[in-house]
Amino acid sequence: MSTAELLSIEPHELKFVLELQKQISSSLQLSNNTDSYVAFKVKTTNPKKYCVRPNTGIVLPRSTCDVIVTMQAQNEAPPDLVCKDKFLLQSIKTHDGATTNDISAEMFNKELGHVVEESKLRVVYVAPPQPPSPVREGSEEGSSPRASVSENGNANGADSTTAKELISRLTEEKNNAIQQNNMLRQELDLLRRESNKNRGGVSMIFVTLIGLLGIIMGYLMRKT
């Protein structure tokens with residue numbers, strides 16, 4: 001903050017985020033430090049380039065006033081974003097109840113013996129933020145293919161994940177089938193032993209188990 005006896009200025013410099021072919025504005029806040037009415041006037045070294053609203057005014061005692069400075073659209077940026085433009089804020093005490101209509105050029109003329117306070121402000125250009133770089137399609141050298149993105153927005157790794165899930169499910173089904181096959185073999189061995197003891201021929205249960213065993217083995221052959 002620029003501190004003065006009459007008006008304090010915040011900020012102490014005018015910053016413009018420079019974007020070509022676009023009007024840009026910057027603001028100042030003037031704070032009256034006194035119990036008197038204070039008149040002000042804003043001047044610039046390049047009046048055709050800037051529009052100041054208001055460029056003159058009255059700041060009431062212990063109150064504030066905002067000033068908007070608009071820079072006209074620029075066709076090109078200066079080298080290294082260095083700007084030599086300057087602003088001058090002049091302020092002077094005036095009578096109570098004064099309005100903008102009471103302001104005249106003679107009020108700020110020091111040669112007439114008026115006590116005029118002056119604050120100089122410089123102009124600073126700031127480079128606009130750079131947009132993020134677009135993501136290149138396909139994997140680059142040294143990068144993992146899993147990091148690439150397909151046209152439909154899904155990672156290529158999704159297909160691999162689906163295949164792994166399918167293989168895992170088939171493996172689980174195969175293991176269950178093998179387990180059931182082993183159980184049927186045990187039952188078959190038990191029936192064979194009972195059949196040998198009874199020698200009464202092969203029961204219907206034995207025939208059914210043999211059929212189920214054939215079905216399961218065929219299922220396993222298809223899955224693998």
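Starting from 1, each residue takes its place in the sequence as its number.
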Practice prompt. Give a yes or no on whether the backbone of Leu14 and the side-chain of Ser26 come within a donor-acceptor separation of less than 3.5 Å.
Written response: no
Worksheet item: Which of parallel (below 30°), tilted (30 to 60°) and perpendicular (above 60°) describes Phe16 and Tyr50?
Response: tilted
Response to the item:
OG1 of Thr64 to CG of Leu30, rounded to nearest 0.5 Å, is 8.5 Å
Discussion item. Heavy-atom count check: over 12 atoms from other residues, nucleotides or ligands less than 6.0 Å from Lys49 NZ?
Written reply: yes
Side-chain donor-acceptor distances from residues 69-77 under 3.5 Å, at least two apart:
| unit_1 | atom_1 | unit_2 | atom_2 | d |
| --- | --- | --- | --- | --- |
| Thr70 | OG1 | Ser25 | OG | 3.0 |
| Gln72 | OE1 | Gln23 | NE2 | 3.0 |
| Gln74 | NE2 | Gln72 | O | 2.8 |
| Asn75 | OD1 | Gln21 | NE2 | 3.0 |

Practice prompt. Under the side chain to side chain contact (heavy atoms under 4.5 Å, CB included) rule, what do Glu117 and Val38 come out as? Steps first, then yes or no, please.
Written response: CA-CA 11 Å; Glu117 188 175 277; Val38 176; over 6 Å; no
Fill in: Cluster check Phe40, Val52: I/L/V/M/F/W/Y, side chain < 4.5 angstrom
yes
Worksheet item: How many angstroms lie between CG in Leu88 and OG in Ser119, if you round to the nearest 0.5 Å?
Response: 8.0 Å
Worksheet item: So how far is it from Lys43 NZ to Glu118 CD, rounded to the nearest 0.5 Å?
Response: 7.5 Å
Fill in: Which residues share a side chain to side chain donor-acceptor pair (under 3.5 Å) with Arg53, sequence neighbours left out
none
Fill in: Student check: side-chain heavy atoms of Ser31 and Leu7 closer than 4.5 Å
no
Worksheet, complete the sentence: Separation between CG (Asn32) and CG (Leu6), nearest 0.5 Å, reads 7.5 Å
Discussion item. Just to verify, what does Glu13 make a side chain to side chain donor-acceptor pair (under 3.5 Å) with, not counting sequence neighbours?
Written reply: Arg122
Discussion item. Determine whether Asp35 and Arg62 satisfy the following criterion, side chain to side chain contact (heavy atoms under 4.5 Å, CB included), listing intermediate values before the conclusion.
Written reply: CA-CA 6 Å; Asp35 295 321; Arg62 305 296 175 181; 3.0 Å; yes
Discussion item. If we count only N and O atoms by modelled type, under 3.5 Å, do the side chains of Thr44 and Asn46 hold a donor and an acceptor together?
Written reply: no
Worksheet item: Out of curiosity, does Val123 fall in the hydrophobic cluster containing Leu81 (side-chain heavy atoms, cut-off under 4.5 Å, transitive links)?
Response: yes
Discussion item. To the closest 0.5 Å, what do you measure between NE2 (His114) and OG1 (Thr94)?
Written reply: 10.0 Å
Worksheet, complete the sentence: Between the CG atom in Asn33 and the OG atom in Ser91, the distance rounded to the nearest 0.5 Å is 9.5 Å
Item to complete: Might you point out which heavy atoms bring Val59 and Cys65 nearest each other, and give the distance in Å?
Response: CG2-CB, 3.8 Å
Worksheet item: Same cluster for Leu121 and Ile24 if Ile/Leu/Val/Met/Phe/Trp/Tyr side chains link at under 4.5 Å?
Response: yes
Discussion item. Going by the rule side chain to side chain donor-acceptor pair (under 3.5 Å), which residues pair with Ser27 if we only count those two or more places apart in sequence or in a different chain?
Written reply: none
Worksheet item: Can you name the residues that form a ring pair (Phe, Tyr, Trp, His ring centres under 6.0 Å) with Tyr125, not counting sequence neighbours?
Response: none
Practice prompt. Say whether, by atom type as modelled, one donor and one acceptor occur between the side chain of Asn109 and the main chain of Glu111 under 3.5 angstrom.
Written response: yes
Discussion item. Through direct or indirect side-chain contacts below 4.5 angstrom among Ile, Leu, Val, Met, Phe, Trp and Tyr, which residues connect to Met107?
Written reply: Tyr37, Ile58, Leu60, Ile92, Ile103, Phe108, Val116
